[in-house]
Structure formats: C-alpha cells, structure tokens
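What follows is a single structure, written as structure tokens, with notes after it.
Numbers here simply count residues along the sequence, with the first being 1.
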Amino acid sequence: WSSDVCSSDLQRDQRQPHEAVKGDVAAKRKATKKPQATDERRFASYGAAVTDFSLSADGRFLATIGGERECRVWNLKTGETTARFTGHGGAIHAIAISPNGDQVISSAETLMLWNAATGESIGELSTNRRPVRAVRFHQDSQRAATVGAGAIEIWDIGARKQTHTISGAHPMCGALALTDDGQTLVA
C-alpha cells in the first residue's frame, strides 16, 4: 500500500470501437485502449497509509485522512495542502467533503464538522454509533449519511442533529453510496 496521495487526469481515445478500420489491428487496439494518465501528481506523503479520501464535486480538492490523526484538504492542481484538521483523539475512520466544497466531515469516536478552506472546527455531531466507519454528503451539502455500529444515520448538517436512523446494517459495514438525487442509499 502506498502512503502517497496521487492525482491523475484520465483521457480516453475519442474514437468509438466501430470506427476502427476492419483488418487494421493498430486502429482496433487504439480504439479499445484503456484510459491513460496524462497528468500525474504525487503529493507529500503522510508517512502512513491514506485510509480514506473524498473528492470535491468540481474535482478541484481532495480531502484525505492518514496515520497522523489529521485530515487534510489538497488542491489537486497545485498539490498543496490547503487545510489541516486536527482534534480527533484517536484513529480517524472516514472523511467526506461537501459537494459545494465548503465543509468536511471526519469520523473517529466523534463526528467532526470542519470549514474546508480554513481547517477550523465548525462543530461536532453527537452519535452513539461508534466508530462511524463511513460518511457521505447529500448533493445539497445540507444533509449527510453515516454508518457505524449496525445502523445508518441521516443528519441535518445545519441543525447539527440526526433526523433518521436505519437499523440493520452489518456492524462492520464501512462503505456508503448515495445517488445524486439523494433517493437511494446503499451501505
């Protein structure tokens, strides 16, 4: 496992497979070529594995967690760290950057909400589901979902409170996916 944070812009061959000339092996090979990295950047290492990350909706920023018990936001164009968040007392399990890029949620024994630009703590979300193993923002950036200790929790970020609990998730579940319309949540 690498402890580096990397970024690549991927580019596909623009021709469709049916455009390859019959009998032209090189054209067929090129037409079905897999994406290739065109601009790779390797950022400063944490010194330990990056254990979770979240990409901003506009693709400009990457929020990461690693072995230093801190969260970072990286500018993907420059490779610079734009914000660092510290304040969790133990290992950090999950991170998510809001679609509007303004906030970050990180989870350890507590759920912390951060200003993505400054790294300042905005507040804490109180949960009894410890540890929270995954977190995802809704597209509106005002709601989020978490999973931990056998339950999914839905949060109103502005009010800093839990609005729904869905029981029955596996206690070790560590992944969440949410459709863009917010109608389907998978854990």
Side-chain angles (χ1 to χ4, degrees), residues 1-8 40-149 151-162 169 172-178 185 187:
W1 295 96
S2 172
S3 61
D4 293 331
V5 178
C6 300
S7 167
S8 293
E40 182 177 303
R41 287 181 176 78
R42 192 168 298 271
F43 303 122
S45 175
Y46 269 106
V50 170
T51 56
D52 196 20
F53 59 89
S54 178
L55 187 63
S56 66
D58 62 9
R60 293 178 40 218
F61 297 98
L62 178 71
T64 62
I65 56 175
E68 297 174 356
R69 293 186 183 176
E70 84 174 357
C71 309
R72 297 183 190 183
V73 174
W74 305 83
N75 178 313
L76 287 178
K77 187 172 188 172
T78 66
E80 300 288 323
T81 299
T82 60
R84 290 177 188 240
F85 319 125
T86 58
H88 285 294
I92 306 168
H93 302 287
I95 193 164
I97 190 167
S98 63
N100 66 11
D102 291 345
Q103 301 173 91
V104 171
I105 295 177
S106 59
S107 71
E109 291 300 313
T110 58
L111 287 168
M112 299 290 291
L113 189 61
W114 310 92
N115 179 307
T118 66
E120 306 259 335
S121 174
I122 298 172
E124 190 173 316
L125 304 176
S126 182
T127 181
N128 293 323
R129 309 288 179 184
R130 296 185 179 134
V132 171
R133 298 186 180 281
V135 59
R136 294 292 174 262
F137 271 96
H138 183 275
Q139 283 300 109
D140 65 11
S141 298
Q142 296 303 308
R143 293 175 283 169
T146 60
V147 64
I152 299 165
E153 295 176 321
I154 309 298
W155 298 87
D156 177 326
I157 298 301
R160 312 273 191 279
K161 70 178 204 175
Q162 176 192 34
M172 297 302 290
C173 181
L176 276 174
L178 182 64
L185 176 68

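- Scored by the side chain to side chain contact (heavy atoms under 4.5 Å, CB included) test, L178 finds H138, L185 as partners (sequence neighbours excluded).
- Applying the salt bridge (Lys or Arg N to Asp or Glu O under 4.0 Å) test to R143 and every residue at least two apart in sequence or in another chain returns D140.
- Using modelled atom types, no side-chain atom of S54 and backbone atom of A63 make a donor-acceptor pair closer than 3.5 Å.
- Heavy-atom minimum distance, Q103 versus A116: N-CB, 4.0 Å.
- Remark: side-chain polar atoms of S141 are not paired, donor with acceptor, to backbone N or O of S98 under 3.5 angstrom.
- Remark: S106 engages H88, W114 in a side-chain hydrogen bond (donor to acceptor under 3.5 Å, both in side chains) (not counting sequence neighbours).
- From Q162, atom CD reaches atom CG of L111 across 10.0 Å, with rounding to the nearest 0.5 Å.
- A distance of 5.0 Å separates CD1 in I122 from CG in N115, rounded to the nearest 0.5 Å.
- Of all the heavy atoms in A83 and G119, the pair that sits closest is CB-N, 3.8 Å.
- Looking at heavy atoms from C-beta onward, L76 lies out of side-chain contact with F61 at the 4.5 angstrom threshold.
- Every residue meeting the salt bridge (Lys or Arg N to Asp or Glu O under 4.0 Å) condition with R60, not counting sequence neighbours, appears here in chain and number order: D58.
- Remark: E80 CD to W74 CH2 distance equals 9.0 Å, nearest 0.5 Å.
- Closest non-hydrogen pair, A57 versus P99, comes out as CB-O, 3.4 Å.
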Using residues 89-97 as the side-chain source, report each donor-acceptor pair under 3.5 Å to any protein atom, sequence neighbours left out, with the distance given to one decimal.
none

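- At least one side-chain heavy atom of I157 sits under 4.5 Å from a side-chain heavy atom of F137.
- D156 is linked by a salt bridge (Lys or Arg N to Asp or Glu O under 4.0 Å) to nothing, counting only residues two or more places apart in sequence or in another chain.
- The CZ atom of R84 sits 4.0 Å away from the CZ atom of R72 when rounded to the nearest 0.5 Å.
- Between T146 and I105, the closest side-chain pair of non-hydrogen atoms is not below 4.5 Å.
- Summarising the geometry of N75 relative to T82, their closest heavy-atom pair is CB-CG2, 3.8 Å, with the distance given to 0.1 Å.
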